[in-house]
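Just dropping this structure here.
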Protein chains: 2
Amino acid sequence: MTDEQPDVPSPRVRQIVAAARELVEEEGLDALSMRHLADRLGIRAPSIYKHLPDKRALEHALISATFEEQAALFEAALAGSADPLGALATAYRDFARRHPHLYRLMTQRSLDRDRLNPGIEERAAQPMVQALDGDRDLARAVWAFAHGMTILELDNRFPADADLDAAWQRGLDALRP
Amino acid sequence: MTDEQPDVPSPRVRQIVAAARELVEEEGLDALSMRHLADRLGIRAPSIYKHLPDKRALEHALISATFEEQAALFEAALAGSADPLGALATAYRDFARRHPHLYRLMTQRSLDRDRLNPGIEERAAQPMVQALDGDRDLARAVWAFAHGMTILELDNRFPADADLDAAWQRGLDALRP
DNA sequence: ATCATTGGCTTACACCGTTAGCCAACCTCA
DNA sequence: TGAGGTTGGCTAACGGTGTAAGCCAATGAT
C-alpha cells in the first residue's frame with residue numbers, strides 16, 4: 001500500500017531532466033553522467049539524488065518526455081494525410097535523425113514500464129495501429145521494420161553506398177495493406 | 001605503410017576471446033569487464049593488454065567470431081530449402097534467442113569495420129541477398145524487419161500479449177517477392 | 001653467454017554510480 | 001517570536017570501470 005512515484009514531477013526535477021536532455025542532445029549518450037549533469041546545473045552529483053532516486057529514474061523521465069513528443073508528432077503526421085503510413089514513416093525517421101541520441105536512449109535497452117508515464121507507450125504506438133486499420137500484427141511488423149531501418153542507419157550498419165530511401169520504399173510498399 | 005592487425009590471432013588471444021564469450025553468454029553483456037574476464041583466465045586485468053590493445057578490440061574479435069558462426073548457420077539454412085526466406089528468418093530469430101547477449105553485442109553499437117575480419121559482414125549478409133534473388137534494396141528491408149522484430153522481442157518492447165509469431169508471419173509474407 | 005622478447009605482475013589515475021552524514025535556509029504553526 | 005521539521009545543498013568515501021607505466025622472471029635466439 002505504498003505510494004507510487006508522483007506523476008507530476010517537481011519543477012526542480014523538470015529542470016534536471018531538461019538539462020539532461022540538452023546534455024544528451026549536445027554531447028551524446030555517453031556524456032550523460034551524474035557528475036557531468038550536475039556541472040550543467042551548477043551543483044554536485046550527489047545532490048541530484050535529492051530529487052531522483054537513481055540514474056535509471058532520470059533516464060526514464062527523459063524517455064517519458066520523449067515519448068510524449070513523439071506521440072504528438074505521430075498524431076500530427078497522421079491527421080488528414082492521404083498516405084497515413086508514408087507520413088508516419090517519414091515522421092518516425094525524421095525524429096530519429098533529428099534526435100539520434102534521444103532515439104538511442106529510448107530504444108537501446110529494455111525499460112521499466114512502472115517508471116514511465118502510464119499509457120505513454122501505447123499513445124505513441126496508437127497512430128501506427130490506426131494507420132493500419134487496427135491490424136495489430138501488421139502494425140508490429142511495420143514498427144519492427146521502421147525501427148530496424150532507423151537504428152541500422154543510425155549505427156551505420158548499411159554499406160556506405162546503400163540506397164536507404166529505396167529500401168524504405170520497398171519495405172513500406174510491401175507492408176502497405 | 002604500417003602493418004594492419006594480423007588476421008590470424010595468436011592462440012592466447014583465441015583463449016581470451018573464448019573466455020570472453022563464455023563470460024558474456026553466462027553472465028550477460030554488463031558482466032564483460034576486463035577485471036572479470038581476467039579472473040576467468042587466472043590473470044590480472046592489465047595483462048590482457050599484452051594481447052589486445054583495448055576492450056573494443058576484444059569485443060570486435062568476439063563479434064567477428066560470432067559473425068562467422070552466423071554466416072555458417074545462414075548458409076546452411078539457405079541450402080536446399082523450399083522456402084529460403086522463411087528458413088533464413090527462422091535461423092536469424094533462433095540464433096538471437098539462443099545467444100541473446102551475443103546478439104546484442106553484435107548489433108547494439110556501431111562498429112569499426114577495420115577491426116573486423118575482412119569481408120565477414122558481407123558473408124553474413126549474402127544469404128539474405130541470395131534468398132531475395134539479388135534484390136539488395138529488398139534484402140535491406142527484410143534485414144531491418146528481422147533485426148527490428150528480434151531486438152524488440154529481446155528487449156521486451158512488445159506488449160506481453162502480442163502474438164509475435166503472427167507478426168513475423170505477416171511481415172515475411174508481405175516482404176516475400 | 002648474452003640479449004631481446006614475451007607475458008605476467010603491481011601501482012596508479014581518472015572516471016563512474018551511489019551512500020552517509022552534515023548543515024544552512026526556509027516554512028509552518030503554536 | 002520561537003521551535004521544529006523539511007528541503008536541498010555540501011563533502012567524503014566506497015567499490016566499480018578502462019587503461020597507462022614500469023618492473024621482472026622465464027623463454028628463446030644469436
Side-chain angles (χ1 to χ4, degrees), chain A residues 2-3 5-24 26-63 101 104-105 108-112 114-115, chain B residues 2-3 5-24 26-63 101 104-105 108-112 114-115:
Chain A
T2 60
D3 304 50
Q5 304 260 97
D7 281 351
V8 276
S10 76
R12 190 55 168 148
V13 166
R14 266 187 284 112
Q15 280 179 28
I16 294 172
V17 173
R21 174 167 177 152
E22 284 177 30
L23 202 173
V24 166
E26 291 171 19
E27 305 185 47
L29 262 194
D30 291 347
L32 179 60
S33 78
M34 300 304 267
R35 283 172 176 85
H36 204 146
L37 174 58
D39 280 350
R40 287 202 168 224
L41 291 161
I43 61 177
R44 305 308 188 103
S47 301
I48 299 176
Y49 291 82
K50 297 289 176 170
H51 305 279
L52 292 158
D54 52 30
K55 193 185 178 185
R56 285 299 276 163
L58 168 70
E59 291 173 342
H60 277 77
L62 187 46
I63 291 170
H101 305 302
R104 270 205 187 78
L105 175 66
Q108 86 183 350
R109 256 190 284 259
S110 49
L111 34 81
D112 299 349
D114 311 338
R115 308 178 90 159
Chain B
T2 59
D3 304 50
Q5 304 260 97
D7 281 352
V8 275
S10 74
R12 188 56 168 150
V13 166
R14 265 187 283 112
Q15 280 177 29
I16 293 172
V17 173
R21 174 170 179 151
E22 284 177 30
L23 202 173
V24 166
E26 291 170 20
E27 305 185 48
L29 262 194
D30 291 347
L32 180 59
S33 78
M34 300 303 267
R35 283 172 176 83
H36 205 145
L37 174 59
D39 280 349
R40 286 202 169 224
L41 292 160
I43 62 178
R44 305 307 188 105
S47 301
I48 298 176
Y49 291 81
K50 297 290 177 171
H51 306 278
L52 292 158
D54 53 30
K55 193 186 178 184
R56 285 298 279 163
L58 168 71
E59 291 173 341
H60 276 77
L62 187 46
I63 291 170
H101 305 301
R104 271 204 186 80
L105 176 67
Q108 87 182 354
R109 257 191 285 256
S110 50
L111 34 82
D112 300 348
D114 311 338
R115 309 179 90 160

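Bear in mind the structure is a predicted one, so any value in this text is a computation, not a measurement. Just so it is clear: chains get the letters A, B, ... in the order the sequence lines come, proteins before strands, and each one is counted from 1.
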For atom CG of Leu41(A) and atom C1' of dC10(D), their distance in whole Å
15 Å
To the nearest Å, give me how far apart CZ (Arg12(B)) and C1' (dT5(C)) are.
17 Å
Without decimals, in angstroms, what is the distance between Leu29(A) CG and dC16(C) P?
14 Å
If we ignore angles and hydrogens, is there a donor and acceptor under 3.5 Å between the side chains of Glu27(A) and His36(A)?
yes
What heavy-atom pair brings Val24(B) and Leu62(B) nearest, and what distance separates the two atoms?
CG2-CD2, 4.2 Å
Assert: residue with more 5' nearest nucleotide on DNA chain C, out of Ser33(A) and Lys50(A), is Ser33(A)
What is the distance from CE of Met34(B) to P of dT19(D), rounded to the nearest Å?
6 Å
Between Arg35(B) and dG15(D), does any side-chain N or O lie under 4.0 Å from OP1 or OP2?
no
Asp39(A) CG to dC16(C) P: how many Å, rounded?
9 Å
Whole Å only: how far is the CG atom of Asp54(B) from the P atom of dG18(D)?
11 Å
May I have the distance from Arg56(B) (atom CZ) to dT19(D) (atom P), rounded to whole angstrom?
10 Å
Sugar-phosphate, base or nothing in reach of Ile48(B), heavy atoms under 4.0 Å:
nothing
Does a side-chain N or O of Arg44(B) approach OP1 or OP2 of dT11(C) to a distance below 4.0 Å, or not?
no
5'-most by nearest nucleotide on DNA chain C - Ser10(B) or Pro46(B)
Ser10(B)
With salt bridge (charged side-chain N to carboxylate O under 4.0 Å, His left out) as the rule and sequence neighbours excluded, what pairs involving residues 46-61 of chain B come up?
Asp54(B)-Arg115(B), Arg56(B)-Glu59(B), Glu59(B)-Arg109(B)
Around atom CZ of Arg44(A), are there more than 12 heavy atoms from other residues, nucleotides or ligands closer than 6.0 Å?
no
Please confirm whether the shortest side-chain N or O distance from His51(A) to OP1 or OP2 of dT7(D) is below 4.0 Å.
no
Scan residues 15-24 of chain A for pairs that pass salt bridge (charged side-chain N to carboxylate O under 4.0 Å, His left out), counting only residues two or more places apart or in two chains.
Arg21(A)-Glu25(A), Arg21(A)-Glu69(A), Glu22(A)-Arg40(A)
Please report, rounded to the nearest Å, how far the P atom of dT7(D) is from the CD1 atom of Ile16(A).
15 Å
Would you mind classifying the nucleic acid contact of Leu37(B) as base, sugar-phosphate or nothing, using non-hydrogen atoms under 4.0 angstrom?
nothing
Does a side-chain N or O from His36(A) land closer than 4.0 Å to OP1 or OP2 of dC16(C), or not?
no
